[in-house]
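All ligand and atom numbering here is 1-based and tracks the order in the structure. The model shown is predicted, which means the values in this text are computed figures rather than measured ones.
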Amino acid sequence: MLACAPYKELKLICIRIYWVITMKQKKLVVVGLGYVGLPVAVKFAEAGFDVVGIDIIPEKVEMINKGESPIKGKEPKLDELLKSVVSSGTLKATTSYEPIREADYVLIVVQTPFNMLSKEPYYQALRSAVRSVGQNLKRGALVIIESTVAPGTMNKIVIPILEAESGLKAGKEFLLATAPERVMPGKLLWNLVNLDRVVGGINEESTQAAIELYKHIVKGELYPTDALTAEIVKTTENAYRDVQIAFANEIALLCENVGADVYQVRELVNKSPYRNMHLPGAGVGGHCLPKDSWLLAFGARGANSPRLIALAREINDSMPRHLSDLCVEALKEAGVGIYGAKVTVLGIAYLENSDDTRNSPAFTLIKALEVYGAHPIVHDPFVEEANGIVIEKSLDNAIRDSDCVVLVTAHDDYHNVDLDHLKKLMRTPVIVDGRKVFDKKECYAKGFVFRGIGR
Ligand SMILES: NC(=O)c1ccc[n+]([C@@H]2O[C@H](COP(=O)([O-])OP(=O)(O)OC[C@H]3O[C@@H](n4cnc5c(N)ncnc54)[C@H](O)[C@@H]3O)[C@@H](O)[C@H]2O)c1
């Protein structure tokens, strides 16, 4: 039997035997099985922990228990690893919080959006998850917040709820740390394992216990700090990136106005030491970047009012509307009005080769096109449905009789589009590129009207 088992399963069986012989197998619960929680649960299960994943969505739980990943983008190794740990019994999913009663480790990885109307974090999921954990917490367990939160959340929200619900004292009767994730769709497992990680406990013992835990799955450095610093580090990392992208977008707009190519400018700027100009584009999306700057600003409120990161948000948020203006301009050059034009939007996911549509700039673009009176048709190879928008699965159908193709997401499929074929199918040969997928010179040579962000 064993001799026939594939190498990976054999490795898992050996790890399990090791755990059983050397110590009682540690029980670990992951609360929230989304883009981050699922890979985390899978990696700890692979490392030999007895893992239970908890989620409030029954369909997701059902899929995971069948060994099927709810994440549909290109996610190297996740599908195989999930199948393997589910079939070996080291990972189970459930909607019940009961398994927390026996858990030695509880990792909370729920979504933490920001409410732009009230200008505060929308912590419904976090509060509810922390409450449920508190109600079932075992004395001596280690609780870790992996979700990205505003600085101060541990002290103001997590500790009070956990102590009130459990009747236990944080730092004495249970340990508590924050260890924000640095993963991103498309590289979930790779980032989780290989990137350095900051781990901040509410006391020394919590920090050390959390570091010992992550050593089982993280090959990168584990940097100890306190919980508040870890919260600031995570939100600052993303605010930094957002500001850098806004800077690149500003230079892109400048290049468009003066007739230069921002990509060439960027390449040459980055030849100068200590420069690392980011890529401009159609806008910034995803669950994290658009809200983490606001989480940081919210955490700092009263201390100061960050101006640069607010301006960066404004610039990045304006990019999809700028893309819609480029469509108007390009169509005009082709002799077609935007009103009534069929515009094909390539990509609704916010990131290439991902199915994640959260805060995608494509939504703002589609809305702007509709306001202009255009008829947007959306194509995406990885997304079935998004906010009620119908997704055309056939690229040819999406392009047929189109007056303008506007690219938002640089999915691999779009790099291979044959321009002759595209032109034959389209009613008006117009391309607007939000990501530098199409070659400008080639587009001109084939007879297209072309516009591109920063080109
Ligand atoms: N997506 C990323 O690339 C990424 C990267 C780094 C950090 N983060 C951070 O990680 C956190 C999670 O992000 P995500 O992208 O995995 O979100 P997600 O929406 O994909 O996953 C969250 C999961 O938690 C579940 N959930 C919500 N409330 C729950 C509750 N009370 N009990 C149990 N399950 C509950 C949801 O049903 C969902 O499946 C966020 O704070 C995010 O900012 C995300």
Inset, instruction - Examine E146 against ligand 1 and note whether any of their N/O atoms are separated by less than 3.5 Å. - result: no
Inset, instruction - With heavy atoms only and a cut-off of under 4.0 Å, state how R127 meets ligand 1: side chain, backbone, both or neither. - result: neither
Legend entry - Axial cation check for F174 ring with R139, 6.0 Å and 45° limits: no
Inset, instruction - Output the list of atoms in ligand 1 that are nearer than 4.0 Å to some heavy atom of A129, sorted by atom number. - result: 31 (N)
Inset, instruction - Name the closest protein heavy atom to atom 17 (O) of ligand 1, giving the residue it belongs to and the distance to 0.1 Å. - result: R358 NH1, 3.2 Å
Legend entry - Salt-bridge present (E212, K215; N to O < 4.0 Å): yes
Legend entry - Trace of the side chain to side chain donor-acceptor pair (under 3.5 Å) decision for N136 with R101: CA-CA 5 Å; N136 294 284; R101 291 182 181 279; 3.2 Å; yes
Legend entry - Min N/O separation E181 to ligand 1 under 3.5 Å: no
Inset, instruction - Verify the ring-centre separation between H278 and F247: is it less than 6.0 angstrom? - result: no
Inset, instruction - Measure the acute angle between the ring planes of F114 and W294, then classify it against the limits of 30° and 60° as parallel, tilted or perpendicular. - result: parallel
Inset, instruction - Under 4.0 Å from a heavy atom of I54: give me the atoms of ligand 1 that qualify, with their elements. - result: 33 (C), 34 (N)
Legend entry - Min N/O separation K234 to ligand 1 under 3.5 Å: no
Inset, instruction - Identify whether NZ of Lys or CZ of Arg in K26 sits under 6.0 Å from the centre of the six-membered ring of F49 and within 45° of that ring's axis. - result: no
Legend entry - Salt bridge flag under 4.0 Å for residues R455 and D261: no
Legend entry - Contact atoms of ligand 1, heavy-atom distance to I57 under 4.0 Å: 37 (O)
Inset, instruction - With heavy atoms of P185 as the reference, note each atom of ligand 1 found under 4.0 Å away. - result: 3 (O)
Inset, instruction - Give a yes or no on whether a salt bridge exists between K43 and E46, defined as a side-chain N under 4.0 angstrom from a carboxylate O. - result: yes
Inset, instruction - Identify, for atom 30 (C) of ligand 1, the protein heavy atom at the shortest distance, and state residue, atom and that distance. - result: Y97 OH, 3.3 Å
Legend entry - Test: E146 and R182 ion pair at under 4.0 Å: no
Legend entry - Test log, rule side chain to side chain donor-acceptor pair (under 3.5 Å), inputs Y122 and Q124: CA-CA 6 Å; Y122 185 62; Q124 194 198 24; 3.3 Å; yes
Inset, instruction - Do me a favour and list the nearest non-hydrogen protein atom to atom 27 (C) of ligand 1 with residue, atom name and distance? - result: Q111 OE1, 3.2 Å
Legend entry - Protein contact of atom 21 (O) of ligand 1 - nearest heavy atom, named by residue and atom, plus distance: G34 CA, 3.2 Å
Inset, instruction - Could you find the nearest protein heavy atom to atom 41 (O) of ligand 1 and give me its residue, atom name and distance? - result: T112 OG1, 2.6 Å
Inset, instruction - Show which atoms of ligand 1 fall inside a sub-4.0 Å distance from at least one heavy-atom site of K60. - result: 38 (C), 39 (O)
Inset, instruction - Using a strict 4.0 Å cut-off to heavy atoms of M184, name the atoms of ligand 1 that fall inside it. - result: 3 (O)
Legend entry - Nitrogen or oxygen of D356 less than 3.5 angstrom from that of ligand 1: no
Inset, instruction - For atom 38 (C) of ligand 1, grab the closest protein heavy atom and report residue, atom and distance to one decimal in Å. - result: D55 OD2, 3.4 Å
Legend entry - Identity and separation of the nearest protein heavy atom to atom 11 (C) of ligand 1: V110 O, 3.4 Å
Inset, instruction - Report yes if K291 has an N/O atom closer than 3.5 Å to an N/O atom of ligand 1; otherwise report no. - result: yes
Legend entry - Partner of Y123 by side chain to side chain donor-acceptor pair (under 3.5 Å), out of N115, T112, T153: T153
Legend entry - Interfacing atoms of ligand 1 (cut-off 4.0 Å, heavy-atom, V109): 12 (C), 22 (C)
Legend entry - Nearest protein heavy atom with distance in Å, relative to atom 13 (O) of ligand 1: H287 CD2, 3.7 Å
Inset, instruction - Under 4.0 Å from a heavy atom of V31: give me the atoms of ligand 1 that qualify, with their elements. - result: 32 (N), 33 (C)
Inset, instruction - Under 4.0 Å, heavy atoms only, figure out whether ligand 1 is touched by the backbone of C288, its side chain, both or neither. - result: side chain
Legend entry - Heavy-atom neighbours of R241 CZ exceed 12 at 6.0 Å: no
Legend entry - Heavy atoms from other residues, nucleotides or ligands near CD of E205 exceed 12 (cutoff 6.0 Å): no
Inset, instruction - Apply side chain to side chain donor-acceptor pair (under 3.5 Å) to S88 and T90, showing your working. - result: CA-CA 6 Å; S88 70; T90 40; 3.1 Å; yes
